[in-house]
Amino acid sequence: MMDERNGAPIIEARGLRKSFGPHEVLKGVDLSIARGEVLAIIGPSGSGKSTLLRCLNLLERPTAGEVWFEGARINDPGVDVNRVRTRMGMVFQLFNLFPHLTVIDNVTLAQEKVLHISRQEAEARAQALLAKVGLAAKEHAYPNSLSGGQKQRVAIARALALRPAVMLFDEPTSALDPEMVQEVLATMDELVQEGMTMAVVTHEMGFARRAAGRIVFVDEGRIVADAPPERFFSAPESERVRQFLEKIPT
Amino acid sequence: MSLLGLDAVEKSFPLLLHGALVTIEVTAMALVLGALAGLLGGLARVSPLMPLRGLAAAYVSVIRGTPFIVQLFFVYYAFPQVGLQVPPMVAAVGCLAVYSGAYQTEIVRGAIESIERGQVEAARSLGLSTAQAMRYVVLPQAFLRMLPPLGNEFVALTKNSALVSLVTVQELLLSAQLIISATFQNFAVYLTIGVMYYVITSVVSTGTQLLERRLKVYV
């Protein structure tokens with residue numbers, strides 16, 4: 001089932017639609033992400049870019065269309081969604097760390113309860129990941145004692161703990177003070193260096209420009225531009241993108 | 001002294017003490033069973049299964065909407081009419097548990113619903129099932145938020161236990177009334193059991209407060 005060829009899509013959305021009540025947020029989106037690719041998803045607020053990302057791991061159930069992951073259709077009643085989700089890490093705008101658990105327990109919980117990894121092994125992996133995001137000293141702290149940037153780095157470690165094939169980032173720096181944005185982006189840059197497949201909904205044009213291999217622009221529930229960063233920024237293919245870029249510091 | 005009848009209290013103190021023990025026993029059993037009913041009821045109230053939600057809502061609605069004393073008399077006096085003899089102690093504990101469970105259901109539901117949606121989303125995004133997200137992420141946090149209102153409910157339950165004296169369970173109030181009918185010392189006896197009730201409810205509320213403080217480490 002799995003297609004390991006480089007460049008073959010690891011995630012594919014076909015004709016994706018999502019409505020909340022009478023309001024259609026996604027109006028037929030086709031998107032594929034290749035293994036090892038870093039995709040930045042940008043667009044104005046309310047455009048549907050977060051919904052698009054959340055449809056990829058089925059946090060939102062698409063109203064219509066198909067989502068394929070690692071060669072199998074996943075928005076199908078017979079599919080074990082929980083298994084699929086362990087292969088896709090997700091990082092949220094508001095971190096969503098578990099406040100009642102220490103930092104290390106945040107990172108071990110799913111390893112133990114979902115993947116049934118032993119406590120010892122889960123802890124060792126958590127410690128290694130916390131060291132990687134620069135928070136080895138905080139393993140026994142509770143999330144509420146951390147800064148926003150630290151929380152987001154723990155959240156990244158938590159998602160990486162399951163050794164996902166893809167990382168989904170939903171505006172990971174939008175809730176952070178400017179000086180903390182950089183520490184989180186630095187952690188994400190490191191993942192890019194390691195060849196992690198990533199889809200990042202972001203307003204950080206600097207990150208999109210330097211780290212993304214491809215940028216898609218979502219507007220009113222549709223993808224209206226899809227280009228490598230050089231072309232996206234220097235020669236916007238649509239009037240809508242040009243308007244957007246004029247208003248935003250790049 | 002004898003005007004206030006304190007000597008009558010002194011002589012019958014063992015009887016009062018026994019009554020207090022029965023009150024504690026009834027309350028403790030009803031508390032455990034009621035908490036169980038509240039937990040199950042609360043989980044049913046937020047269940048994705050419509051019939052479960054409906055059942056729990058009906059339970060809360062009926063039990064909260066009728067007087068406890070009517071429920072107790074119904075079980076104790078009306079059930080035998082359809083051939084179901086319920087021993088006093090069983091009726092007492094059962095009715096108190098069901099009554100308190102309805103209130104606790106709402107406390108549990110409210111606490112669960114107060115946990116930010118992002119918590120469940122984060123748990124689900126890590127592959128935890130709905131049940132696992134509830135057990136490892138939502139309930140531990142919800143429990144802390146339940147404690148203050150649960151403390152209130154436990155105190156209310158303790159005080160409501162006096163009503164089971166009406167179905168011949170010889171707890172603290174009924175013991176007092178027996179002593180009064182022999183000694184006519186209303187003042188001293190009611191004052192004494194008032195103090196005893198206060199001591200019992202103080203232990204209950206202090207207990208929940210201590211538990212709350214212990215669990216609050218992460219806030």
Side-chain angles (χ1 to χ4, degrees), chain A residues 50 53-54 56-61 80-103 105-117 140-146 151 154-155 157-164 166-170 175, chain B residues 35 38-39 42-43 46-51 53 107-151 207-219:
Chain A
S50 281
L53 192 76
R54 291 159 58 86
L56 298 181
N57 70 348
L58 303 179
L59 273 188
E60 304 292 353
R61 284 271 167 187
D80 180 358
V81 181
N82 299 328
R83 272 288 138 189
V84 171
R85 287 188 180 134
T86 63
R87 308 273 307 143
M88 293 197 242
M90 187 161 205
V91 174
F92 299 85
Q93 181 179 1
L94 297 174
F95 332 123
N96 298 351
L97 291 182
F98 307 131
H100 62 300
L101 300 178
T102 57
V103 162
D105 286 345
N106 265 273
V107 185
T108 56
L109 180 71
Q111 293 187 69
E112 290 182 80
K113 302 305 177 192
V114 181
L115 298 186
H116 305 292
I117 291 170
H140 297 301
Y142 283 98
N144 284 347
S145 68
L146 304 181
K151 284 182 191 173
V154 173
R158 178 176 71 175
L160 289 172
L162 303 180
R163 303 179 194 275
V166 181
M167 286 286 283
L168 308 175
F169 291 84
D170 189 3
Chain B
L39 179 62
L43 288 173
V46 299
S47 158
L49 301 173
M50 222 291 277
R53 281 205 308 274
I107 292 171
V108 171
R109 176 183 70 89
I112 288 174
E113 287 179 345
S114 79
I115 303 300
E116 299 69 28
R117 210 169 56 121
Q119 290 291 305
V120 174
E121 288 184 350
R124 298 306 309 275
S125 80
L126 290 164
L128 274 77
S129 66
T130 314
Q132 284 178 318
M134 183 59 82
R135 164 143 181 234
Y136 298 114
V137 174
V138 177
L139 276 183
Q141 296 180 60
F143 185 64
L144 189 59
R145 297 191 191 176
M146 285 172 211
L147 273 180
L150 274 185
T208 51
Q209 275 163 25
L210 285 178
L211 188 58
E212 192 185 336
R213 207 170 308 161
R214 266 198 59 178
L215 292 176
K216 251 188 178 160
V217 285
Y218 66 82
V219 182

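Throughout, a chain's letter reflects where its sequence line sits, starting with A, and its residues are numbered from 1. Side chains included, hydrogens not; waters and symmetry mates left out as well; all remaining heavy atoms used.
Here the side chains of L126(B) and L162(A) are in contact, with some heavy-atom distance below 4.5 Å.
L109(A) touches chain B through its side chain: at least one heavy atom from C-beta onward sits under 4.5 Å away, while N, CA, C and O do not. Using a 4.5 Å cut-off between heavy atoms, L97(A) touches chain B through its backbone atoms (N, CA, C, O) alone.
Here the CZ-CD1 distance, from F98(A) to I115(B), works out to 12.0 Å after rounding to the nearest 0.5 Å.
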Using a plain distance cut of 3.5 Å, could you tabulate donor-acceptor pairs between chain B and chain A?
from: G118(B); atom 1: O; to: N96(A); atom 2: ND2; distance (Å): 3.1
from: Q119(B); atom 1: NE2; to: L97(A); atom 2: O; distance (Å): 2.8
from: E121(B); atom 1: OE1; to: R54(A); atom 2: NH1; distance (Å): 3.0
from: E121(B); atom 1: OE2; to: R54(A); atom 2: NH2; distance (Å): 2.6
from: R124(B); atom 1: NH2; to: N82(A); atom 2: OD1; distance (Å): 3.2
from: Q132(B); atom 1: NE2; to: K113(A); atom 2: O; distance (Å): 3.0
from: Y136(B); atom 1: O; to: H100(A); atom 2: NE2; distance (Å): 2.8
from: Q141(B); atom 1: NE2; to: H100(A); atom 2: ND1; distance (Å): 3.4
from: Y218(B); atom 1: O; to: N144(A); atom 2: ND2; distance (Å): 3.4

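Among P99(A), P143(A), A155(A), the residue making the largest number of heavy-atom pairs under 4.5 Å with chain B is P99(A).
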